[in-house]
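To start, the structure itself, in structure tokens.
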Amino acid sequence: MKFELKDRDASGRIGKLYTPHGTITTPSLLPVINPNKIAVSPKEMKKQFDIEMVITNSYIISKHKGLKEKALDSGVHGLLDFNGPIMTDSGTFQSYIYGSINMEPLEIIKFQKEIGVDIGTILDVFGTPNQTKTEAEQGMKETIKRAKISVLYKGEMGIALPVQGSIYPELRFACAQQLSKLDADLFPIGGVVPLMENQRYTDLVKVILASKKGLDPGKPVHLFGAGHPLIFPLAVALGCDLFDSSAYIKYAQEDRLIFSNGTQHLKDLEELSCCCPICSSYHINELKKSEKIQRTKLIAEHNLYISMVEIKKIRNAIRVGKLWELVEQKASENPQLYNALSVLGKKEEQEYLEKHEPVYKKKAIFYTGPHTINRPQLYRMNQRLQQWYQLAHDTIIVFPESTKPYHVTYEQEITAIYRRNPNVDILINSSLGPVPIFLDEMYPFAQSEFPEFIDQATIKHNKQVFNHLTKGKKVLYWDGKKTLELLKQEKKGMTQLDMDIKRIQNVATMQFGRNTDKILFKGKKSLVKSKKTRKIRNVYCDDDHIVSMRASDGMFTLKLAGGIRLHAHVPFPRFRVVVQNDAVPFIKDGKSVFAKFVKGGDIQLRPYDECIIVDQQDQLLGVGRCLLTVDEMIAFSFGQAVKVREHISD
Ligand code: GUN
Ligand code: ZN
């Protein structure tokens, strides 16, 4: 079964999942259909709410004579009267609820195959949160054992192998790794319903992260039993692609309406504040007075509508790079969810999340509260400041936060300082942390909006970064003439051109690493600047066009001449994406690099990083922009991996 990545933000992704009954866009919500009692038909769901795929239960079908006969006769698609993709579950959940069930692991696989489901699920062993580690390990091992035999019988059917291991991260990780070696099409994260029912979101986050770390990044991930939209944004940001909802109907049966941040009982509502087709065509009193069956259907429809709106909001947030904002906003609506975000501030998790975080986004970072500073792109920024950037001089002059771009606001002061003495560094004490003046147009320094007053935790965090960066240096807080007088007058000051050169060197160091500026910009430099904005556009060295600077985020795009320099002076595999030799003609023909052709490369490359493309003998083929990490390029068999910008032709 094909799965392809189309867009991404945080560790979340927009994908296409190709099934025999059509293609769906992920993240996606699969409503649970009870084949005994269909309240809203899958057809209606598709027409009214853009539902693309549904999930039903093969165990329930197999245990009901009439349903079983119909399913064997006209397939599961005939049974549900739906020609879109259908996934089935296996009876694991029933086994968890009732203690045990009468079903053999292979029997249920064969049945799912017989009734023609698109994705069937193995009979995994549900690991509960209160198990001891030994119990959890036993269940996990049994799940793996069943997975190994079940995949042998999948045939043409897609197969889902759930990750178990209770709340033990080591077990989750090990289980995910083992299952990833098998021929699976989907990896659900199982055993999490009790965590969600008890709002144990901190544990849920740990379970998702531990599982994701062990899973094949090229396969879709389903969060089993997650039907409430409250946790959708966070689960997607951590890498979940599919959800199933029985909540829409369960809540409806209890007269409860789902809203994006929680549920409300119909009797507690005096007005319908929602604008779904149901709430806009019924008065609340009509709804309250309607017959039970009718009311359940209407509320279920409202619930589906709200749930799908949330999925669409998430997909839109990914498209513009605003998923973390959505996650943090949601967390501010539920204290348990808010607590769970603290897990993301742990170094180990930040390191993991940073690997999948795009290096730039279409939109600026908006501060929402104390969790904002933990975002992976800010973690990366600080790591690079400390490890790659490093201030060059012993004296640092610090300016307070002001209007952006800082170098324009402080133009006179900066000119005065550098005319006097070029051997000082200038930092802005911003709400995002210390900003070196020559990085002030680069993502995320310029593309961020923080309020005037920020929380204490962020202030403390920024102080630590500042102290680390300026350790052992003389720090002068700008005080006009007094500061200038403290500077020793040097013979040669800095000109505007020097400052522009400093800027390109600083940006290269932050974007590509230490000393890359010396490699890229060796020789006689000339710059093309925009007449209107005065921003640097193109950088030439010895008449070669090395890089361009994107106006929107102040980052470089690599030109072929720049790629040639990196390739010649930076040892393999840094910056490389290695393609197999039979793909070379396509690249020489100007085509993109497809994931299936990638053999390996630099694991330091991040999504949207600039890269160089080489063949298996490290011969340079071109330069481009990574859409995937190298691990993902290897894992995915479909879709684009690198957008080629310029290539070497024969
Ligand atoms: N539905 C909810 N949780 C689970 C799970 O862990 N496994 C399966 N197969 N179905 C589920
Ligand atoms: Zn509504």
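Since the model is a prediction, treat every value here as computed from it, not as a measurement. No hydrogens, no waters, no symmetry mates; every other heavy atom, side chains included, goes into these values. In this chain, residues are counted from 1 in sequence order. Note that ligands are numbered from 1 as they come in the structure, with each ligand's atoms numbered from 1 the same way.
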NZ or CZ of [X] within 45° of [Y] ring axis and under 6.0 Å:
X    : Y    : answer
K322 : F366 : yes
K213 : Y352 : yes
K596 : F638 : no

Would F232 and F243 count as a close aromatic pair, with their ring centres under 6.0 Å?
yes
Distance flag, aromatic centroids of F259 and H302, threshold under 6.0 Å
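Centroid distance H302-F259: below 6.0 Å, so yes.
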Under a 3.5 Å cutoff, is there a donor and acceptor pairing between the side chains of Q199 and N334?
yes
Taking atom types as modelled, is there a side-chain donor on W324 or Q329 under 3.5 Å from an acceptor on the other?
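Short answer, no.
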Name the residues in contact with ligand 1, where contact means a heavy atom under 4.0 Å away: which are they?
D89, S90, T92, F93, T121, D124, F126, Q164, G190, G191, V193, F224
Determine the sole option in K363, R375, K330, K313 for which the salt bridge (charged side-chain N to carboxylate O under 4.0 Å, His left out) test with E325 is passed.
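Among the candidates, only R375 passes.
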Please indicate how many protein N/O/S atoms are found closer than 2.8 Å to the Zn ion (ligand 2), with waters neither displayed nor included.
4
Does D9 form a salt bridge (Lys or Arg N to Asp or Glu O under 4.0 Å) with K361? I'd like the steps, not just the answer.
CA-CA 8 Å; D9 188 29; K361 310 204 182 194; 2.5 Å; yes
